[in-house]
Student: 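Structure incoming, see below.
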Number of protein chains: 2
Amino acid sequence: MAATMKDIARMTGLGLATISKYFNGGNVRPKNRKLIEDAVKALRFVPNEFARSLKTRLSRTVGVVIPELGNQFITSIITTMEDILRKHDYAVIVCDCRTDPRREKEAVTFLMHKRVDGLINMPTDTTGEHLKPALDRGIPIVLVDRMLKALSGKISAVVVDNVDASEKATRYLLEAGHEKIGLILGNEGIYTTQKRREGYLNAYAEFNIKPRKEFIRFSDYTLEGGYTKMKELLALSIQPTAVFVTNYEMTLGTIIALNEAFRSVPDDISIIGFDKLDMFGAMYPNLTLVKQPQNAIGECVAKQLLRLLSQTLPDPLNQIITLSTQLHEGNSVKCLK
Amino acid sequence: MAATMKDIARMTGLGLATISKYFNGGNVRPKNRKLIEDAVKALRFVPNEFARSLKTRLSRTVGVVIPELGNQFITSIITTMEDILRKHDYAVIVCDCRTDPRREKEAVTFLMHKRVDGLINMPTDTTGEHLKPALDRGIPIVLVDRMLKALSGKISAVVVDNVDASEKATRYLLEAGHEKIGLILGNEGIYTTQKRREGYLNAYAEFNIKPRKEFIRFSDYTLEGGYTKMKELLALSIQPTAVFVTNYEMTLGTIIALNEAFRSVPDDISIIGFDKLDMFGAMYPNLTLVKQPQNAIGECVAKQLLRLLSQTLPDPLNQIITLSTQLHEGNSVKCLK
DNA sequence: CTCCGATAGCGAAACGTTTCTCTTTATTAT
DNA sequence: ATAATAAAGAGAAACGTTTCGCTATCGGAG
């Protein structure tokens, strides 16, 4: 049906190897180059990627395994990544594992069967077990947003400096005179949760104040989770005067909970949120928040993977890239002094 | 390196064709079946999809082209779709075209090069021009959420009954005594925009009332868009007593605009929103809104594509599936009578 | 116990590239 | 002009499956 390189060879009178060379950037005499180009047009030739993959053992495809497609922080990273990878002719297969380690493992296996050339993963499983099939096949892996300590050295990662981010935010509140600061975290085992908790505690330590345990709440990075935890904080007999919420969805949930309780920000309570996404752009009051560089993350991940993909070295030259965050000052924090 | 079917043949003493038959569901004698299974385990054999694709001309991969990965209505559909397709061993390549027809066309071409077996598209280009390469190759296409009239008959689609949805919402407001109803729509050329406008006008016609032109605003289905248009409506000398907003992001924007203007819902103004997603689940007041069945849409799209993919018929048996919406009654509409 | 139809197994030829080795052609210096 | 050298082209063998057209084997009916 469709034209093949053989047809071009026949049409131009050239050898198969020459045609192949033409497509793979080799040198071909101008006269023949012209000949081939004409034939390609005439025959509407499109190289057969299947055959090419069979020979080269490369699919020009990468797999992306994430916890939730519904999470905007994640999709904003993926958008940038996908854009860059596609420009380099890599297709991106997305697998949403719904924050379920079993599904995550299945997704990795699935992608190995599809013979992706590389893997990008925002891990749900905190052990890193699920990545074994990929590690065994020796394909490059880049983790996003969350490091897995069990795999350090064998793997690349792009993360933000969560400890610093959280420390900055907490310090900002402490400096404004808040001593009772609520903290709404994600799932307890997750990398970012631990780091953000660490930063919070660091800041308290700096100020020589003991944080109250009941102000620190583990949740699950969903809107409902943030909503519920905020409600819980509001139900305490001793209430926080400020709350630091550690991701986008939970921040939205928090705000909804506050609206419902008729607490106004920052008069009744101060808030520092997370992730400058659409929603906050237009919001009033302008929220003070930790701004993660999603675009930079996506770009970094894509470029790191491309780098790994292009080197034929036996040692994969893995690296952990840490990006920094910014504290965006809005007017959702009231100064108590 | 990796084991091949030849190795299995050698190990079991069987012929290549038998091994192949085993993997493709053919009949193999129990004794031999056992033999093969043992060899597969011993050699850790995994079939080479490249070779298989070369022979069968199938990639077991489908392409998905969408306007924005950041749009939650879209991702909620994709999640369901991806899940079902992956269960059927199809990989999903996602291409975000950022609501740019040029990029959309590129995405389709890209996917054709990758030789996807089928295509799912929520079109940005209203002419359908971009799908020509796919149409030419004769692969099945399923449109999501938006129909393209130029392609009817040649293509399948899953949409919701937008006219009815919009009519129901508008009628609900009219019945509550609202005569000045603002309407915030998406991009003017888009299918859903036209249909939702049509429904609004139908309802007005039913009640024999003339709608005011200045209350109908075209926007772009983004949060900022909704925000801006709501501000515009609030700046009118004669203001609407109710507003119907026709997608999720714009509804969020609307609410932000109202909060900023200190208008409370439903006391100062009534609102009907669109798409019951996370955000509204926890919100107060409980928003009255048009509920689209995202899961059903995703499921329908996936199943329709699988159906088309499995038939070898020359005529693709395309169909347009229309799902209905529900009006979810909250308490964001005030009765004026 | 034989024979027959059905069932399972076999070998070889594809699928359409890339790449290795070898030959031919072009280029340059003498 | 000619030899030496470099560059470009040709042919054929792989990559690992599926499938076509046969042959061998099976189980049961006569």
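So you know, we letter chains A, B, ... as the sequences are listed, proteins then strands, and number each from 1.
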Student: Examine the base of C:dG9 for any acceptor or donor lying under 3.5 Å from a partner atom in the side chain of B:K21, and report the outcome as yes or no.
Tutor: yes
Student: Less than 4.0 angstrom from a charged side-chain N to a carboxylate O is my criterion; do B:R98 and B:D100 meet it?
Tutor: no
Student: Whole angstrom is fine here: how far is it from CZ in A:R115 over to C1' in D:dT17?
Tutor: 11 Å
Student: Please report, rounded to the nearest Å, how far the C1' atom of D:dT18 is from the CZ atom of A:F50.
Tutor: 14 Å
Student: At a heavy-atom distance below 4.0 Å, what parts of residues 6-17 of chain B sit against DNA chain C?
Tutor: B:G13, B:L14, B:G15, B:A17
Student: With heavy atoms under 4.0 Å as the rule, sort A:F45 into base, sugar-phosphate or nothing.
Tutor: sugar-phosphate
Student: Please report, rounded to the nearest Å, how far the C1' atom of D:dC15 is from the CZ atom of B:R52.
Tutor: 16 Å
Student: Using whole Å, report how far CE of A:M5 lies from P of D:dA12.
Tutor: 16 Å
Student: Would you say the rings of A:F110 and B:Y90 are close, in the sense that their centroids are separated by under 6.0 Å?
Tutor: no
Student: For C:dA8, does either OP1 or OP2 sit under 4.0 Å from a side-chain N or O belonging to B:N32?
Tutor: no
Student: Could you tell me whether the side chain of A:N32 and the main chain of A:V28 form a donor-acceptor pair under 3.5 Å?
Tutor: no
Student: Less than 4.0 angstrom between a side-chain N/O of A:T18 and OP1 or OP2 of D:dA10, yes or no?
Tutor: yes
Student: Below the 4.0 Å mark, does D:dT17 have OP1 or OP2 next to a side-chain nitrogen or oxygen of B:N48?
Tutor: no
Student: Please test B:V64 against B:E82 for side chain to side chain contact (heavy atoms under 4.5 Å, CB included), starting from the C-alpha separation and ending with a verdict.
Tutor: CA-CA 10 Å; B:V64 175; B:E82 196 259 325; over 6 Å; no
Student: Would you check if the side chain of B:D145 reaches a backbone N or O of B:M122 as a donor-acceptor pair within less than 3.5 Å?
Tutor: no
Student: Which whole-number value in Å describes the distance from A:R57 CZ to D:dT17 P?
Tutor: 10 Å
Student: Taking CZ from A:F23 and C1' from C:dT17, how many angstroms apart are they, rounded to a whole number?
Tutor: 11 Å
Student: Checking contacts here: which listed nucleotide (C:dC15, D:dA14, D:dG9) is nearest the side-chain heavy atoms of A:V28?
Tutor: D:dG9
Student: Roughly, in whole Å, what's the span from CG in B:N27 to C1' in D:dG27?
Tutor: 15 Å
Student: Looking for any heavy atom pair under 4.0 Å, which part of the strands does B:T4 touch: base, sugar-phosphate only, or nothing?
Tutor: sugar-phosphate
Student: By nearest heavy atom, map B:K55 and B:K31 onto DNA chain D; which one lands nearer the 5' end?
Tutor: B:K55
Student: Is a salt bridge present between A:R103 and A:D96, judged by a nitrogen-to-oxygen distance below 4.0 Å?
Tutor: no
Student: Any salt bridge between A:R10 and A:D7, counting N to O under 4.0 Å?
Tutor: yes
Student: Does the side chain of B:R29 get closer than 4.0 angstrom to OP1 or OP2 of C:dA8 through an N or O atom?
Tutor: no
Student: C:dC15 C1' sits how many Å from A:L54 CG, rounded?
Tutor: 9 Å
